[in-house]
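Just below is one structure, and these are the notes that go with it.
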Amino acid sequence: MEVDGFVRRRRMSAETPGTDGAVAGASAGAEIRWHGGRFWGISEGIVGSLSPVIGGESDYQAVQLHGPVEARESPEPDYEGLPQGASTSTYMLAGAVAGIMEHCLMFPIDCVKTRMQSLQPDPAARYRNVMDALWRIVRTEGIWRPMRGLNVTAVGAGPAHAMYFACYETLKKKLSDVIHPGANSHVANGAAGCVATLLHDAVMNPAEVVKQRMQMYNSPYRSVLDCIGAVWRKEGTGAFYRSYTTQLTMNVPFQALHFMAYEYLQEALNPHRHYNPSSHVVSGALAGALAAAATTPLDVCKTLLNTQESLALHSLNSGGNISGLAHAFRTVYRLGGLPAYFKGVQARIIYQMPSTAISWSVYEFFKYMITKHQHEKRRRDWDGEK
């Protein structure tokens with residue numbers, strides 16, 4: 001395996017400022033524009049405060065005074081790793097926007113997935129496939145019914161994904177430097193994804209509980225606040241984290257598979273790590289589909305723990321709540337056998353493919369644009385000094 005085919009140009013080192021290693025970093029995407037400067041005219045203040053600081057004052061002066069003419073030329077921005085000294089808030093902004101868009105755009109399919117994973121559905125909520133479910137929900141319950149719980153999901157997804165991507169990018173770089181210096185490491189990608197998931201799920205789990213209870217057929221809750229209050233009073237605060245360990249058990253392998261598959265596909269489709277939207281979409285979609293299919297049994301158990309499905313509890317003559325992954329696994333098997341572990345797998349894959357494609361493409365776009373904006377600011381500063 002040739003190393004130079006996999007080397008990630010993600011450093012703008014203080015020892016070699018202005019070297020041509022960064023020139024190729026975004027050359028393929030440098031022509032991409034967001035309708036001129038209109039985007040930045042609106043958000044200059046926000047992005048400017050969140051853009052990474054490239055080097056320090058003294059480093060900049062050293063390049064100006066002592067560097068050769070070629071070193072003072074402004075290189076194209078190497079968006080892939082963001083420059084040295086990049087603010088964590090840069091990753092957090094890109095991650096938050098990506099997370100909110102991912103969850104909101106695909107929310108109706110998520111509602112269908114939750115219902116199709118029901119172990120003992122009401123006769124009126126038995127669906128043949130994803131499109132049949134979506135059509136019947138809209139026709140019998142109203143056009144806005146598939147969107148119930150969207151607000152609490154958006155509130156949870158912003159901070160959850162901000163922490164998720166910031167943690168992932170930071171750990172990925174540090175672990176890659178230790179495991180395989182100067183090159184990409186699948187082990188580092190997987191480990192960084194697992195740790196990032198711990199933070200993501202800690203924020204997102206309560207929102208997931210409320211969202212899934214709002215999505216169920218004949219949900220008794222009038223609003224998100226009504227659902228939160230009812231769960232708090234009847235089941236206590238622990239109900240919001242009843243599925244946390246199950247969600248981690250699902251999401252750790254999900255994210256490990258997801259990140260490793262994404263990075264592997266990026267190496268194959270975009271080895272020089274230029275800004276290439278089509279490669280981000282394809283890699284994200286395929287990685288999401290693989291991870292979603294492999295972890296569907298755990299997702300079925302998580303849905304059962306979150307919703308505490310009343311008909312399922314009634315059929316088991318259980319007066320208490322289902323708690324813990326082992327209890328959920330036994331319950332799923334008792335009520336539906338092995339096929340029950342893959343209930344809703346079609347909806348889950350249909351949901352995850354565009355979701356992860358949206359998430360990665362939006363995240364990479366914002367990362368590229370923030371870095372490009374900072375690069376152009378440096379270029380203007382250099383031109384002003386001449």
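We're numbering straight along the sequence, starting at 1. The basis for the numbers below is simple: all heavy atoms, side chains too, and nothing from hydrogens, waters or symmetry mates.
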Q: Using a strict cut-off of less than 4.0 Å between a Lys/Arg side-chain nitrogen and an Asp/Glu carboxylate oxygen, indicate whether Lys173 and Glu169 qualify as a salt bridge.
A: no
(Q) For a quick test of reading the model, state the closest non-hydrogen atom pair linking Thr356 to Gly284 and the distance between them. (A) OG1-O, 2.7 Å
Q.
Ring centres under 6.0 Å, that's the criterion: do Tyr262 and Tyr168 meet it?
A. no
Q) Atom NE2 of His258 and atom OG1 of Thr295: how far apart are they, to the nearest 0.5 Å? A) 11.0 Å
Q: To the nearest 0.5 angstrom, please state how far the CH2 atom of Trp144 sits from the CD1 atom of Ile137.
A: 15.0 Å
Q: Answer yes or no: is there a side-chain heavy-atom contact under 4.5 Å between Pro297 and Phe342?
A: yes
Q. Any sub-3.5 Å donor-acceptor pair from Asn129's side-chain atoms to Ala133's backbone N or O?
A. no
Q. Which heavy atom of Cys301 sits nearest a heavy atom of Phe329, and at what distance?
A. SG-CD1, 3.8 Å
(Q) With a 3.5 Å distance limit and no angle check, can you tell me whether Ser361 reaches the backbone of Ile358 through a side-chain donor-acceptor pair? (A) yes
Q. How would you list all residue pairs meeting ring pair (Phe, Tyr, Trp, His ring centres under 6.0 Å) that involve residues 281-313, not counting sequence neighbours?
A. none
Q. Between the side chains of Asn251 and Thr197, does any donor sit under 3.5 Å from an acceptor?
A. no
Q: Work out which heavy atom in Ala291 is nearest to a heavy atom in Arg348; give both atom names and the distance.
A: O-NH2, 4.5 Å
Q) Sub-3.5 Å donor-acceptor pair from the side chain of Glu235 to the main-chain atoms of Trp232, do we have one? A) no
Q) Does OH belonging to Tyr264 count more than 12 external heavy atoms closer than 6.0 Å? A) no
**Q.** Closest approach of Thr246 to Gly324 (non-hydrogen atoms, all atoms of both residues)
**A.** OG1-C, 4.5 Å
Q: Heavy atoms only: give me the nearest Pro146-Val138 pair and the separation to one decimal.
A: CG-CG2, 3.9 Å
Q.
Taking transitive links into account, so neighbours of neighbours count too, which hydrophobic residues share a cluster with Trp135 at under 4.5 Å side-chain distance?
A. none
Q.
Keeping Asp122 on the side-chain end and Ala124 on the backbone end, is there a donor-acceptor pair under 3.5 Å?
A. yes
Q: Go through the structure and list residues passing side-chain contact (heavy atoms from CB on, under 4.5 Å) with Ser118, not counting sequence neighbours.
A: Pro121, Met216, Glu309
Q: Answer yes when Asp299 and Lys302 have at least one side-chain N-carboxylate O distance shorter than 4.0 Å, and no when they do not.
A: yes
Q. So do the side chains of Thr296 and Tyr341 get within less than 4.5 Å of each other, counting heavy atoms only?
A. no
Q) Which residues satisfy the side-chain contact (heavy atoms from CB on, under 4.5 Å) test with Thr245, sequence neighbours excluded? A) none
Q | Minimal non-hydrogen separation, Ala239 against Val209, with atom names | A | O-CG2, 3.9 Å
Q.
Can a side-chain donor-acceptor contact be found between Arg115 and Tyr127 if the only test is distance below 3.5 angstrom?
A. yes
Q) Mind checking who shares a hydrophobic cluster with Leu269, ILVMFWY linked at side-chain heavy-atom distances under 4.5 Å? A) Leu265, Val282, Leu286
Q.
Using the ring centroid of each side chain, check whether Trp360 and Phe165 are separated by less than 6.0 Å.
A. yes
Q | Rounded distance [0.5 Å steps], NE2 in His186 versus CD in Glu263 | A | 8.5 Å
Q. Considering residues at least two apart in sequence or located in another chain, which fulfil the salt bridge (Lys or Arg N to Asp or Glu O under 4.0 Å) criterion with Arg222?
A. Asp226
Q) What pairs with Thr249 under side-chain contact (heavy atoms from CB on, under 4.5 Å), at least two apart in sequence or on another chain? A) Leu298, Leu325
Q. Hydrophobic cluster mates of Phe254, side-chain heavy atoms under 4.5 angstrom, ILVMFWY only, any path?
A. none
Q | Arg242 and Glu208 ion-paired at < 4.0 Å | A | no
Q: Show your working on side chain to side chain contact (heavy atoms under 4.5 Å, CB included) between Val195 and Cys167 and close with a plain yes or no.
A: CA-CA 8 Å; Val195 176; Cys167 178; 3.9 Å; yes
Q. Would a hydrophobic clustering, with Ile, Leu, Val, Met, Phe, Trp and Tyr connected at side-chain separations under 4.5 Å, put Val97 with Tyr275?
A. yes
Q.
Contact between Met147 and Leu150 at the side-chain level, heavy atoms closer than 4.5 Å - yes or no?
A. yes
Q) What distance do Phe365 atom CZ and Lys372 atom NZ have between them, rounded to the nearest 0.5 Å? A) 10.0 Å
Q.
With a 4.5 Å cut-off on side-chain heavy atoms, are Lys174 and Val178 touching?
A. no
Q. Can you name the residues that form a side chain to side chain donor-acceptor pair (under 3.5 Å) with Thr153, not counting sequence neighbours?
A. none
Q. For the hydrophobic clusters of this structure (ILVMFWY residues joined by side-chain heavy atoms under 4.5 Å, transitively), does one cluster hold both Phe259 and Leu290?
A. no
Q. Does Arg136 pair with Asp132 as a salt bridge, N-O distance under 4.0 Å?
A. yes
Q) Can you tell me if Asn205 uses its side chain to pair, donor with acceptor, with the backbone of Phe240 under 3.5 Å? A) yes
Q. Val300 pairs by side chain to side chain contact (heavy atoms under 4.5 Å, CB included) with which of Val345, Val332, Leu305?
A. Val332
(Q) According to a hydrophobic-cluster definition based on side-chain heavy atoms being under 4.5 Å apart (Ile, Leu, Val, Met, Phe, Trp, Tyr only), do Val231 and Tyr241 belong together? (A) yes
Q) Is the side chain of Ser279 donor-acceptor paired with the backbone N or O of Asn270 at a distance under 3.5 Å, no angle test? A) no
Q | Residues forming a side-chain contact (heavy atoms from CB on, under 4.5 Å) with Arg148, sequence neighbours excluded | A | Arg145, Met214, Ser219
Q. If you look only at pairs with a residue in residues 329-339, which of them pass as a side-chain hydrogen bond (donor to acceptor under 3.5 Å, both in side chains), with sequence neighbours excluded?
A. none
Q) Is there a side-chain contact between Gln215 and Lys113 (heavy atoms, below 4.5 Å)? A) no
With a cut-off of 3.5 Å and sequence neighbours excluded, list every side-chain donor-acceptor pair involving residues 98-108.
{"from": "Glu102", "atom 1": "OE1", "to": "His161", "atom 2": "NE2", "distance (Å)": "3.4"}
{"from": "Glu102", "atom 1": "OE1", "to": "Ser359", "atom 2": "OG", "distance (Å)": "3.3"}
{"from": "His103", "atom 1": "ND1", "to": "Tyr351", "atom 2": "OH", "distance (Å)": "3.4"}

Q) When rounded to the nearest 0.5 angstrom, what distance separates CE in Met116 from CD1 in Ile109? A) 10.5 Å
Q: Report yes or no: do Met369 and Val362 belong to one cluster of Ile/Leu/Val/Met/Phe/Trp/Tyr joined by side chain heavy-atom distances under 4.5 Å?
A: yes
Q. When rounded to the nearest 0.5 angstrom, what is the spacing between CG in Leu304 and NZ in Lys343?
A. 11.5 Å
Q) Is any side-chain heavy atom of Asn276 closer than 4.5 Å to a side-chain heavy atom of Gln266? A) no
**Q.** Main-chain N/O of Ala188 paired to Ser185 side chain as donor or acceptor, under 3.5 Å
**A.** yes
Q: Identify whether Val187 and Met260 are in the same connected component of the hydrophobic contact network (ILVMFWY, side-chain heavy atoms under 4.5 Å).
A: no
Q: Find out whether Tyr217 and Glu141 are in side-chain contact, i.e. whether some heavy atom of one side chain is under 4.5 Å from a heavy atom of the other.
A: yes
**Q.** Non-hydrogen side-chain atoms of Val224 and Asn151 separated by less than 4.5 Å
**A.** yes
